[in-house]
Amino acid sequence: MNIAARQAKPLPFAQPSALHTQRRRVVNGLAIGLTTLGALFPVVILVYVLGYILAQGRQFLNLAFFTELPGAFGSSGGGIGEAIQGSLILVGLASLVGIPLGLFTGIFLVEYHHTWFATAVRFIVDVLVGIPTIIFGVFIWALVVIPQHSFSALAGSLSLGIIMIPIITRAAEEVLRLVPEQLREAALALGIPQWRVLLQIILPSVSGGIVTGIVLAMARIAGETAPLLMTASVSPFFFHDLNSPIDALPTRIYYYTNSSYQVQINQAYAGAFVLIALVVLASVLVRWATGGFRRQAR
Amino acid sequence: MIEEARSVATPRRRALALQRIRAFANYKAGDFLLRWGTIVIVLIVLAIAVGMIWTLVSGSWITIRQFGFQFLTNQAFDPVHDIFGVGPAIFGTLVTSGFAILFAAPIGVGAAIFVNEYCPIQVRIPLAFISDLLATIPSIVWGLWGFLVMVPWLQLTGEPWLSKHFGFLPFFQGTYQGVGLLAAGLVLVVMILPLVVAISREVMAIVPNEQREALLALGSTRWEVIRNVVVPFARNGITGGIILALGRALGETMAVTLVIGNEATHPSASLFSTGYTLSSVIANQFGEAQRGAFLSALIEAGLIIFLITLIVNIAARLLVAQLGKQGSVGGLVA
């Protein structure tokens, strides 16, 4: 009886009308639908573009394509061996510039993070990451290529190396900051000098993350086109001299894209597939190796 | 201290002194080296940054002196008569980037909302990964696809369709050329989308779960949670991410160069018309420029992109940085 009486009382707030509730449900459903479409868009684009490029370039994905020099324009043979070799050389040389400079700048930002100087440097590095890569190309072009009247492998790797510096700095700083402060304090309390704490305790504990950052940076510069075009140009020969032009995968693809021969266009697709495979494989592998797939889930 | 070690006679005191020298070498010298070694390297990096600005300014000094601010509005980019201006290039840059943001921002934020708020956790990781993969695809690949697939499609199907159904708008008038501002804008949408998704996702992930739960406990729908809690909380970060993506679009070179047509047209409202952007001018013409005003004009175009993206990036960083000192925000792709 008591319960029945209580139920008969009016609610302390106005009960929402059925229409209102209905509207809220519909809006929610609409939001689900629209955001799902938004989320499907990247998936569809990725699958379609990768599939298309593979389909177009498939006929060229054989051993000769990876080892031979480009054929004469319009001929059906030839490969992109020199471009693959050139890309490896350029990325290797760029790493010699980018890894030490970037890594130690990152270490500086963490070891001396409390200084105003570190704050200023961090800001500059942050801004440098967002500067379009063609600016670095223009920089080296005006500084090296124009005075020397010649495109060169050296200029190309220099521009790629400079692009690499801020990327690696940020990656190194981010992983180094994840090291618990207690680890550092415990080591210092034992009387271990700062440099040994860094080299023998901190760096080994985050080596996986630093390697990930370096590999991702290398994958990133391997796909750069505009700065390479302005500094290293293209070349139909295997590498022979640091002071002469050198081929690279992205620049060779660009060159073939503008070709009027279907064979070369198909080779551009095949080259693009090789480039994507390299870049994607690199990022998938390092993420898998360092458990990055789990960390992404928030 | 070495003298000290030599001067002492007894073996015991000698050993002690040697130990102190080793300790010094081990402790002080190493820390000294670490400190000044990293500072020297940081100074090298700063010198590169300063050298870059100096090279851009000194390289473009001829046109800066000759044209001044008129360089920004001049219509002609004419190496034959040595008259240079980047008016159409700035127009093309703004139109294509604006177009890209207009579409990439809602799609990207929507995708981020779905990934973070709606979809089951098993789907979340692959979806986020696919979006990040999209970001790793080099721009030349988008240029290749845009130039060989999208441009012919636009010319034969896309642009006639737009013209037929939306031809009353000033944006969709003119001849169908395939290449042009529309093509460049579309390629840019795909290229900057992953950046918007990644940063929006990261800032939405910072929103405390208690706030979501509080609203859900009051009986609100997921959408009301998103609209009243998630989006207001993450607004600055999302805006910062969109501005970062805008910076990316402003400087994008190869893909745009391949599909924009690279022909000077009088600025018109039509997206079908060809044009060029600041970076596509450089990429398209650097081969011919060897000296004088031509060279200087191209370097000044670079300087202008540098300054624009500098301002845009600083604005974006300030907005994103307001959301706690989350160093990782924006670091993923940017």
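At a 4.5 Å heavy-atom cutoff, the contact between A/Ile32 and chain B is made by backbone and side-chain atoms alike. Residue B/Leu127 touches chain A through its side chain alone, counting heavy-atom pairs closer than 4.5 Å. With a 4.5 angstrom heavy-atom cutoff, B/Ile107 touches chain A via backbone and side-chain atoms both. For B/Phe306, the parts lying under 4.5 angstrom from a heavy atom of chain A are both the backbone and the side chain. In this structure, the portion of A/Ile146 lying under 4.5 Å from any heavy atom of chain B is its side chain and not its backbone. For B/Ser279, the parts lying under 4.5 angstrom from a heavy atom of chain A are both the backbone and the side chain. Using a 4.5 Å cut-off between heavy atoms, B/Arg227 makes no contact with chain A at all. Heavy atoms of A/Leu46 lying under 4.5 Å from chain B belong to its backbone as well as its side chain. Residue contact with chain A, scored on non-hydrogen atoms closer than 4.5 Å, involves the side chain of B/Ile44 exclusively. With a 4.5 angstrom heavy-atom cutoff, B/Leu56 touches chain A only via side-chain atoms. Looking at B/Leu250, there are no atoms closer than 4.5 Å to chain A (heavy atoms on both sides), in backbone or side chain. Only the side chain of A/Val279 comes within less than 4.5 Å of a heavy atom in chain B; its backbone stays farther off. Of the two parts of B/Leu43, only the side chain, counted from C-beta on, holds a non-hydrogen atom closer than 4.5 Å to a non-hydrogen atom of chain A. With a 4.5 angstrom heavy-atom cutoff, B/Thr253 touches chain A only via side-chain atoms. Contacts between B/Ser58 and chain A at a heavy-atom distance below 4.5 Å are absent for every atom of the residue. B/Leu46 touches chain A through its side chain: at least one heavy atom from C-beta onward sits under 4.5 Å away, while N, CA, C and O do not.
Under the 6.0 Å cut-off for aromatic ring centres, A/Tyr269 and A/Tyr256 do not qualify, their centroids lying 6.0 Å or more apart.
Against chain A, the residues from residues 146-153 of chain B that qualify, each with a non-hydrogen atom under 4.5 angstrom away, are B/Phe147, B/Leu148, B/Val149 in number order.
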**Request:** Applying side chain to side chain contact (heavy atoms under 4.5 Å, CB included), run through B/Ser139 and B/Met191 and close with a yes or a no.
**Result:** CA-CA 8 Å; B/Ser139 79; B/Met191 293 186 65; 3.3 Å; yes
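Using a cutoff of 4.0 Å between basic side-chain nitrogens and carboxylate oxygens, A/Arg177 and A/Glu173 are scored as salt-bridged.
Aromatic ring orientation, B/Trp145 versus B/Trp142: perpendicular (interplanar angle above 60°, classes split at 30° and 60°).
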